[in-house]
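Note that these values count all heavy atoms, side chains included, but never hydrogens, waters or copies made by symmetry.
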Amino acid sequence: LIMSSELQWSVIRKTSSFLRVNKAGARRVISLEKGNITGTNSFKCNGLVNAKTVDVQPAGARGVVLTTKSKNGKQSITLSRGNRRAYRAIRGATQGSYLRADLTDAAIKKASAILKSQKPKVKKVRRGRSKTAA
């Protein structure tokens, strides 16, 4: 049974099992399905109803996994040879191949956050006054 994306969205918009509502009173609804690059509950970002999706996930200790879905199927690429190469590959996979060019900035932003979190933490050395100066 094949339905249009708009009909699928109207069915799962408020009743999807991937929706999370903040109990503290925030009005933002978060959606956790695969393929949702921003985590927002919107037709544009939904990974279930759109035929073409882009997703970025962490790849172990270093790098990111770029997953694209189109009518030809799913493709996953591991990008672990540097941040700029990863951004260039994401831009090429989205804008360059006409696959969800509207999500390019969101994919690069998510990849940047993941890659930044994977950097080792540098411990700052605090220097105080010497004891003889007093």
Chemist: Quick check: closest heavy atoms across W9 and N46, and the distance to 0.1 Å?
Modeler: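 Smallest interatomic distance, heavy atoms only, reads CZ3-ND2, 3.3 Å.
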
Chemist: Can you name the nearest heavy-atom pair linking L115 to A86, along with the distance?
Modeler: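 L115 and A86 have their closest heavy atoms at CD1-CB, 4.2 Å.
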
Chemist: Nearest 0.5 angstrom please: R88 CZ to I108 CD1, how far?
Modeler: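 That separation rounds to 11.5 Å.
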
Chemist: Looking at A93, is its backbone amide N or carbonyl O close enough to the side chain of S97 to form a donor-acceptor pair, meaning the two atoms are under 3.5 Å apart?
Modeler: yes

Chemist: So, S5 side chain and V49 main chain: donor-acceptor pair closer than 3.5 Å or not?
Modeler: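 Judged by distance alone, yes, a pair lies under 3.5 Å.
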
Chemist: From L79 CG over to R85 CZ, what is the distance, rounded to the nearest 0.5 angstrom?
Modeler: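 CZ of R85 is found 10.5 Å from CG of L79.
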
Chemist: Shortest non-hydrogen contact from V56 to A107?
Modeler: CG2-O, 3.9 Å

Chemist: Just to verify, what does S10 make a side chain to side chain donor-acceptor pair (under 3.5 Å) with, not counting sequence neighbours?
Modeler: none

Chemist: L99 pairs by side chain to side chain contact (heavy atoms under 4.5 Å, CB included) with which of T53, V54, T94?
Modeler: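 Between L99 and the candidates, side chain to side chain contact (heavy atoms under 4.5 Å, CB included) is satisfied uniquely by V54.
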
Chemist: Rounded to the nearest 0.5 Å, what separates atom CD in Q75 from atom OG in S70?
Modeler: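 One finds 7.0 Å between CD of Q75 and OG of S70.
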
Chemist: Hey, what do you get for CD1 (I30) to CG (N36), rounding to the nearest 0.5 Å?
Modeler: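 These two atoms lie 10.5 Å from each other.
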
Chemist: Looking only at non-hydrogen atoms, find the nearest pair between E33 and L48 and report the distance.
Modeler: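 That would be CG-CG, 3.9 Å.
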
Chemist: Side chains of E6 and F43: does their closest heavy-atom pair fall under 4.5 Å?
Modeler: yes

Chemist: Which atom names give the shortest non-hydrogen contact between V65 and P58, and what distance separates them?
Modeler: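 Looks like CG2-O, 4.4 Å.
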
Chemist: For D105, check salt bridge (charged side-chain N to carboxylate O under 4.0 Å, His left out) against everything at least two apart and list the hits.
Modeler: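 Scan of D105 (salt bridge (charged side-chain N to carboxylate O under 4.0 Å, His left out), adjacent residues dropped) gives none.
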
Chemist: Could you give the distance from CD1 (I90) to CG (L103), rounded to the nearest 0.5 Å?
Modeler: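 The CG atom of L103 is 12.0 Å from CD1 of I90, to the nearest 0.5 Å.
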
Chemist: Can you check whether Y87's main-chain N or O pairs, donor with acceptor, with N83's side chain at less than 3.5 Å?
Modeler: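 The answer is no, because no donor-acceptor pair under 3.5 Å joins these two groups.
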
Chemist: Once rounded to the nearest 0.5 Å, what's the spacing between atom CZ of R13 and atom CD of Q8?
Modeler: 14.5 Å

Chemist: More than 12 non-hydrogen atoms from neighbouring residues, nucleotides or ligands closer than 6.0 Å to CD on Q57, yes or no?
Modeler: yes

Chemist: Any chain of hydrophobic side-chain contacts (each under 4.5 Å) joining I12 to L19?
Modeler: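 I12 and L19: separate clusters.
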
Chemist: Determine the minimum heavy-atom distance between R28 and T38, stating which atoms define it.
Modeler: NH2-O, 4.1 Å

Chemist: Checking K69 against N50 for the side-chain contact (heavy atoms from CB on, under 4.5 Å) test, could you report, in this order, the C-alpha distance in whole Å, the side-chain angles of both residues, the deciding distance, and whether it holds?
Modeler: CA-CA 9 Å; K69 181 183 92 171; N50 287 309; over 6 Å; no

